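Step one of this worksheet: look at the structure below.
Keep in mind that this is a model prediction, so the values were computed, not measured. The figures that follow rest on heavy atoms only: side chains count, while hydrogens, waters and symmetry mates do not. Ligands are counted one by one from 1 in listed order, and the atoms in each one are counted from 1 as well.
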Amino acid sequence: MKNEMQQLYETIVSRKSDAQEGSYTAYLFEKGNEKILKKVGEECTEVIIAAMKEDNKEEIVNEIGDLLYHLFVLMAEKGISLTDVEEELARRSKKTGNLKPERRKIEQY
Ligand SMILES: N=c1c2ncn([C@@H]3O[C@H](COP(=O)(O)OP(=O)(O)OP(=O)(O)O)[C@@H](O)[C@H]3O)c2ncn1[C@@H]1O[C@H](COP(=O)(O)O)[C@@H](O)[C@H]1O
């Protein structure tokens, strides 16, 4: 069974070829890269502002949801799949898996 993130990513990709009426995703693709990047920047800032406050997990989760959605739109725009990102993360963990945590940051890059 697909998880929510996979499902969302696939819906976003499908809006590229099937721009359903009233679709916010289709609107972003139509506006293009600059608009998508602006939204990613805005949503990132909103996560930071929410996370500066205490005891508001719900708001932070809400803002992270917005950021992930816009990041997925950016990925779809650039032809980057979830698997591409998962493979990159797996590559890092294999490369650094045997190192002590404090060495990982140094050895990784
Ligand atoms: N997960 C989301 C999602 N998260 C955030 N948003 C939209 O992102 C926008 C962010 O809000 P803002 O106030 O910052 O932006 P805005 O003023 O509405 O828009 P701009 O004029 O700034 O572009 C809102 O319009 C939200 O509806 C999303 N829009 C769609 N999805 C999902 O994407 C899928 C496809 O949706 P549609 O493309 O709308 O069919 C569905 O599964 C939706 O649930």
Side-chain angles (χ1 to χ4, degrees):
M1 207 177 102
K2 285 174 191 161
N3 69 31
E4 283 297 324
M5 291 209 196
Q6 288 171 316
Q7 199 77 59
L8 173 61
Y9 181 77
E10 284 176 24
T11 304
I12 288 168
V13 169
S14 76
R15 294 291 190 267
K16 283 187 96 172
S17 52
D18 177 20
Q20 291 187 6
E21 213 184 308
S23 162
Y24 181 73
T25 315
Y27 155 79
L28 287 178
F29 285 134
E30 199 192 310
K31 287 276 180 183
N33 198 44
E34 205 172 305
K35 172 72 179 177
I36 296 167
L37 293 177
K38 191 165 165 261
K39 293 306 297 180
V40 170
E42 280 175 22
E43 301 303 342
C44 194
T45 305
E46 283 171 23
V47 170
I48 293 167
I49 291 168
M52 286 170 90
K53 299 176 209 154
E54 300 290 327
D55 298 326
N56 64 338
K57 185 175 172 183
E58 204 178 317
E59 189 190 341
I60 300 170
V61 169
N62 184 43
E63 296 299 351
I64 289 174
D66 278 354
L67 176 58
L68 284 176
Y69 162 76
H70 285 89
L71 274 178
F72 284 5
V73 174
L74 177 64
M75 286 165 61
E77 170 72 7
K78 298 284 181 188
I80 296 166
S81 68
L82 283 179
T83 308
D84 288 330
V85 177
E86 280 167 358
E87 283 175 359
E88 170 61 18
L89 296 177
R91 185 189 65 78
R92 291 179 193 181
S93 82
K94 277 182 203 123
K95 211 163 132 185
T96 60
N98 297 326
L99 294 172
K100 287 183 181 160
E102 65 271 20
R103 293 291 307 158
R104 281 186 192 166
K105 226 178 165 172
I106 304 163
E107 300 286 333
Q108 196 168 333
Y109 300 104

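- When the options Y27, Y24, F72, Y9 are ranked by their closest heavy atom to atom 19 (O) of ligand 1, first place goes to Y24.
- For atom 32 (C) of ligand 1, a protein non-hydrogen atom is found at a distance below 4.0 Å.
- Taking every heavy atom of T11 and a limit of under 4.0 angstrom, the matching atoms of ligand 1 come to 34 (C), 35 (C).
- Within the 4.0 Å heavy-atom cutoff, E46 does not count among the residues contacting ligand 1.
- Near L8, meaning under 4.0 Å from one of its heavy atoms, ligand 1 places the atoms 32 (C), 33 (O), 34 (C), 42 (O).
- Within a 4.0 Å radius of atom 21 (O) of ligand 1, the protein contributes at least one heavy atom.
- Contact annotation for Q20 and ligand 1: no heavy atom of the residue comes within less than 4.0 Å of the ligand.
- Around CD of E42, the count of heavy atoms belonging to other residues, nucleotides or ligands within 6.0 Å exceeds 12.
- Other residues, nucleotides and ligands place more than 12 heavy atoms under 6.0 Å from the NZ atom of K53.
- Each of I12, L37, L28, I80 was compared with L74 under the side chain to side chain contact (heavy atoms under 4.5 Å, CB included) criterion, and only L37 meets it.
- Distances from atom 1 (N) of ligand 1 to the protein include at least one heavy-atom value under 4.0 Å.
- Both Y9 and M5 are part of a single hydrophobic cluster, where members link through side-chain heavy atoms under 4.5 Å apart.
- V61 has its side chain within reach of K57: a pair of non-hydrogen atoms, C-beta onward, lies under 4.5 Å apart.
- Residue contact check: D66 has heavy atoms under 4.0 Å from atoms 4 (N), 5 (C) of ligand 1.
- Of the possible donor and acceptor atoms, none in the side chain of E87 sits under 3.5 Å from a partner among the backbone N and O of D84.
- Ligand 1 places these atoms under 4.0 Å from at least one heavy atom of E43: 10 (C), 14 (O).
- Regarding atom 35 (C) of ligand 1, its nearest protein heavy-atom neighbour is T25 OG1, 3.6 Å.
- Rounding to the nearest 0.5 Å places CG of L68 at 10.0 Å from CE of M75.
- Heavy atoms of Q7 come nearer than 4.0 angstrom to ligand 1 in no pair at all.
- Open room surrounds NZ on K38; 12 or fewer heavy atoms of other groups in view lie less than 6.0 Å from it.
- Side chain to side chain, Y69 and T25 meet the donor-acceptor criterion of an N or O pair below 3.5 Å.
- Within a 4.0 Å radius of atom 27 (O) of ligand 1, the protein contributes no heavy atom.
- Summary of contacts: the protein heavy atom closest to atom 40 (O) of ligand 1 is R15 NH2, 2.9 Å.
- One N or O on the side chain of N56 and one on the backbone of A50 form a donor-acceptor pair closer than 3.5 Å.
- Under 4.0 Å from ligand 1, the heavy atoms of Y69 that appear belong solely to its side chain.
- Residues V13 and F72 fail the side-chain proximity criterion, which asks for heavy atoms closer than 4.5 Å.
- Checked against the 6.0 Å centroid criterion, the rings of Y24 and Y27 qualify as a close aromatic pair.
- Looking only at protein heavy atoms, the nearest one to atom 12 (P) of ligand 1 is K39 NZ, 3.6 Å.
- Shown in contact with K35 at under 4.0 Å from a heavy atom are these atoms of ligand 1, numbered in order with element: 20 (P), 21 (O), 22 (O), 23 (O).
- For atom 44 (O) of ligand 1, no protein heavy-atom neighbour is present inside the 4.0 Å cut-off.
- The nearest protein heavy atom to atom 10 (C) of ligand 1 is closer than 4.0 Å.
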